[in-house]
Amino acid sequence: MPDDAPGESSAFARLDPRIQQFLWREGWTELRAAQERAIGPILDTDHDVIIAAATASGKTEAAFLPALTRLLHSREPRLIIYLSPLKALINDQFGRLDRLCEQLELPVWPWHGDISASVKQRFWRNPHGVLLITPESMEAMFCNRGGALAGALARTEILVVDELHAFIGSERGRQLQSLLHRAQALAGRRLPRVGLSATLGDMTLAAEFLRPGEAVQVELIEERSHGAELRVLVKGYLEPKVSATAVGPDDDDEPITPGQIAAHLFGVLRGSNNLVFPNSRREVERYTHLLREHCQAAGIANEFWPHHGSLSREVREDTEFALKRRESGAPAATAICTNTLELGIDIGAVKCVAQIGPAPTVASLRQRLGRSGRRAGEPAILRGYVNEEALDQRSGLASRLRLRTVRLIAQIELMLTGWCEPPAPRGLFLSTLIQQVLSLTVERGGVLAGEAYALLCRGERPAGRADGKPVEGPFGAVSPAVFAKLLRALGAREVLMQDPSGLLLPGRAGERMVNHYSFYAAFADQEEFRVENAGRLLGTLPVDNLLRVDQRILFAGRTWRVIAIEMERKAIEVSAEKGGAPPRFDGGGGRSHRRVHQQMRELLAGNAQPAYLDADARAILAEGRDTYRRLDLDRQWLVRDGSAVHLFTWLGDDANEALALLLAGRGWHADNDGLGVLVELGARDADALAKDVMSLGDATAGDMASALAQSKNLAQSKNLAREKWDGLLDPELLADNFVSRFLDLEAARQWAAEARAAASGSVSSGGVVQ
DNA sequence: GACCTGCTGCGGCATG
């Protein structure tokens, strides 16, 4: 096609004329680089494509402009299916797409739980145009409208997945992969997939997620955000210690550093739009309250708005609206939020992002910062705040190493080098496999075990595609033996039954599951344990904490020992534990990657002074380095701390948790504490522990996994069942599933082997320091 | 002491 219009790209010229006209009228002067690059592959080929760029950089248009052109070129009615993790995003996209599609005379169908049944009925009369849908609603279509869905999929041109990175590594992600795979099977032909994603550390892993087993042919279109200048400032704060004698056990003294941080935030944020991330809903409430008080005291209208998952839709929309309306000259607004504002909900540009304490991950920090500096010529601004306790004799190692501050600095350093955590999609995901097998039996009115295995796990490549490799399904890591064991377990629980011809059908319990709308979501509702002491309720604790009897936990500001776990009542009985400061490392929450811990170690071991630290943050870092050197942590990996021992592994959480469980298998009370493993010595000594640790270097990962699965310690951890239908697994499958998903045994073994190699040289004491 | 996400079909009744 000729490119004769000045200032226009040849790619633009390839869009349907009606789309070109719309863009001219909208005042578009040029296409973004990713949009330009996406047009060819999506228009000409059935290749899969990943478009990776920062939030709201026009990724959706990059996918839809060529995809809609394809629709317009077809004489038959055709369909684009767009899958989104959020209802709010579907509503946003509907608003943006509907105006364009009206011009093109193509219907756009928003589809999720809040959309009325009448709209949905109209769609089925003539399924064409653009369908914007959640994975859960798609699952419901497979269950309830198998026949009609097959017709719609036969017309489907392309599958678009938004916020791909938000799916990777979760049950919901595995469900999505299964839905893409089943859609293709139902359509009877290959359906091209387009993933829209934030830039991830390793895009080939995202490609592997989008098209398992065939990642090499996925086209990667990555637009790294550069150009915008980045300004960083990290401020440190010290929380004074209240003297021990002045505090009764139930006193709940308000810390003073949040007030200081809020005062500074008020000074620098008022008058502009910003985002503040304090990491938890409780802290969101705390800072919102403090900042609103500042507005009142200053006699100005409120500029600070909360946003998190426990707030109602209406309250959250108020906040989103306050941020958006700034564009039209309304008063400034700053949202204090959790990661609810990390995904692509449209809130306009913000001036500055404030991070209080370490971020959960480097990837998340990068996502958050991507909201700032979006207007040409404006810098992206990150303001970090960290508070630490003043040190005294009772301070724990985490405080003395200043890990909160060190973690945030390490995250910033890694972000500046361009690194972030790669997605970690490993795991059997047997809970989600249960859902998909059941859903498949309903979709097809019964399915043979072999068919189900071939579709969901691994099957022969159809004739004509004889490259020797089997087709990899979404549950490719599940072996035939594990699948058979799973079917037997489901049969025993009447989730599945087999008719005389061998056809698998829902059993009595399975019928109940699939006939309730709660079946469609792959992830479980948040469950909480009541935490009780002598009949008194202390509060609630999320179930996704690995708990076992005798474990020490920190709760309501005190240290407790778990006495009993009552699964039926969802209650934990604890008794007060005497002893000094709680021996707990404090992270940003969530699971931490090994690279972050290594960066923290490099920071502690080194002398470099990042230019973005204020004087107090520099002093705090210096204290951490002082502790690191006094403990000789460059060489020592085993450090006494009162009656306990810290094993400094500097591994990721998956490996630390594996190591802790392996040591528990040898009779030690061991827990992952972030940077390593905390072990209580009890009657034994540190040399015995060092010997046990080093002996762990011998086992193969396979040996260790089965040993671990058999060990009574794993059975003692009564809440291995963390995924929605884990309760239907027998103990062996449950342990396999848990190990596959949450433990890195090989890294733990390697560390133990290295510790032994190092010790055989110089450290006869096993590296004991006090 | 993280955080987040999602949900059908149908019967019964009232209203236009």
Side-chain angles (χ1 to χ4, degrees), chain A residues 83-90 111-118 120-121 124 133-146 162-163 165-173 175-176 179 255 277-284 286 307-311 313 316 337-345 355-361 363-365 367-368 387 398 403-404 407 432 435 439 442 513-526 528 531 538-545 553-560 582 584-592 653 673-674 724:
Chain A
L83 287 137
S84 157
L86 297 179
K87 291 189 289 191
L89 220 48
I90 286 175
W111 191 297
H112 54 68
D114 301 342
I115 302 293
S116 77
S118 59
K120 294 175 178 176
Q121 275 160 13
W124 287 123
I133 192 168
T134 61
E136 289 73 17
S137 287
M138 188 88 185
E139 187 76 61
M141 284 186 176
F142 274 102
C143 289
N144 303 318
R145 303 277 182 147
D162 205 355
E163 307 279 4
H165 58 280
F167 285 109
I168 302 178
S170 70
E171 297 125 278
R172 211 174 175 209
Q175 175 190 32
L176 175 79
L179 294 173
F277 291 95
N279 291 344
S280 73
R281 288 177 283 212
R282 217 186 87 204
E283 295 300 298
V284 165
R286 184 210 294 277
H307 198 281
H308 61 71
S310 296
L311 295 173
R313 191 66 243 151
R316 287 155 71 168
C337 55
T338 58
N339 50 7
T340 45
L341 287 184
E342 230 176 78
L343 290 184
I345 298 171
Q355 172 65 48
I356 303 175
T361 60
S364 149
L365 184 62
Q367 274 280 97
R368 293 172 178 188
N387 44 357
L403 293 184
R404 282 169 60 78
R407 184 181 293 272
T432 308
Q435 180 201 33
S439 177
V442 177
M513 287 166 64
V514 298
N515 286 329
H516 194 267
Y517 62 84
S518 60
F519 176 70
Y520 308 122
F523 57 92
D525 291 339
Q526 179 66 38
E528 301 209 310
V531 182
L538 298 172
T540 60
L541 201 62
V543 172
D544 58 0
N545 260 307
I553 61 167
L554 191 77
F555 196 77
R558 300 184 59 187
T559 311
W560 308 89
R584 191 173 61 88
F585 283 143
D586 185 1
R591 297 175 90 75
S592 223
D653 279 314
D673 69 1
K724 191 169 176 182

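Values reported hereafter were calculated over all heavy atoms of this structure, with side chains retained and with hydrogens, waters and symmetry mates removed. Order of the sequence lines sets the chain letters (A, B, ...), proteins ahead of strands, with each chain counted from 1.
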Between protein and nucleic acid, restricted to nucleotides 10-16 of chain B and to nitrogen or oxygen atoms under 3.5 Å apart, what atom pairs and distances do you find?
none

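If you measure from atom CZ of A:Phe519 to atom C1' of B:dG6, you get 14 Å, rounded to the nearest angstrom. In this entry the distance linking CZ of A:Phe142 with P of B:dG6 reads 20 Å, nearest Å. Taking atom CD of residue A:Glu342 and atom P of nucleotide B:dA2, one finds them 17 Å apart after rounding to whole Å. A straight line from CZ of A:Phe277 to P of B:dC3 spans 14 Å, rounded to a whole angstrom. At whole-Å resolution of the value, CD1 in A:Ile345 and C1' in B:dT5 are 10 Å apart. Put simply, NE2 on A:His516 is 14 Å from P on B:dC7, counting in whole angstrom units. Regarding A:Phe167, its CZ atom lies at a distance of 10 Å from the P atom of B:dG6, rounded to whole Å. Distance A:Leu86 CG to B:dC3 P: 17 Å, rounded to the nearest Å.
Looking at heavy-atom distances under 4.0 Å, A:Ser364 makes no contact with the nucleic acid at all. Contact annotation for A:Ser518: base contact, defined as any heavy-atom pair under 4.0 Å involving a base atom.
Side chains of A:Phe523 and A:Ser170 form no contact here, defined as non-hydrogen atoms less than 4.5 Å apart. In this structure, the side chains of A:Arg172 and A:Thr432 stay at 4.5 Å or more apart for every pair of heavy atoms. Annotation: side chain of A:Glu171 is not in contact with side chain of A:Gln435 (no heavy-atom distance under 4.5 Å). Counting heavy atoms from C-beta outward, A:Gln175 and A:Ser439 have side chains that stay 4.5 Å or more apart.
For A:Lys724, there are no salt bridge (charged side-chain N to carboxylate O under 4.0 Å, His left out) partners, not counting sequence neighbours. Partners of A:Glu163 under the salt bridge (charged side-chain N to carboxylate O under 4.0 Å, His left out) rule, at least two apart in sequence or in another chain, do not exist in this structure.
No side-chain N or O of A:Thr134 forms a donor-acceptor pair with one of A:His112 less than 3.5 Å apart.
The listed nucleotides are B:dC3, B:dT8, B:dT5; the one nearest the side chain of A:Ser280 is B:dC3. The side chain of A:Glu136 approaches B:dG6 more closely than any other nucleotide in the set B:dG6, B:dC3, B:dA2. When the nucleotides B:dG6, B:dG1, B:dC4 are ranked by their closest atom to the side chain of A:Asn339, B:dC4 comes out on top. Distances were taken from every side-chain heavy atom of A:Ala140 (C-beta onward) to each of B:dT8, B:dC7, B:dC4; the shortest belongs to B:dT8. Listed nucleotides: B:dG6, B:dT5, B:dC7. Nearest to the side chain of A:Tyr520: B:dC7. Picking from B:dT5, B:dC7, B:dC3 the nucleotide with the shortest atom distance to the side chain of A:Thr134 gives B:dC7.
At least one side-chain nitrogen or oxygen of A:Lys120 sits closer than 4.0 Å to the OP1 or OP2 atom of B:dT8.
Between the side chain of A:Asn279 and the base of B:dG1, no donor-acceptor pair of N or O atoms lies under 3.5 Å.
Note that the CE atom of A:Met138 and the OH atom of A:Tyr520 stand 14.0 Å from one another [nearest 0.5 Å].
Map A:Thr338 and A:Asn144 each onto its nearest nucleotide of DNA chain B; the residue landing nearer the 5' end is A:Thr338.
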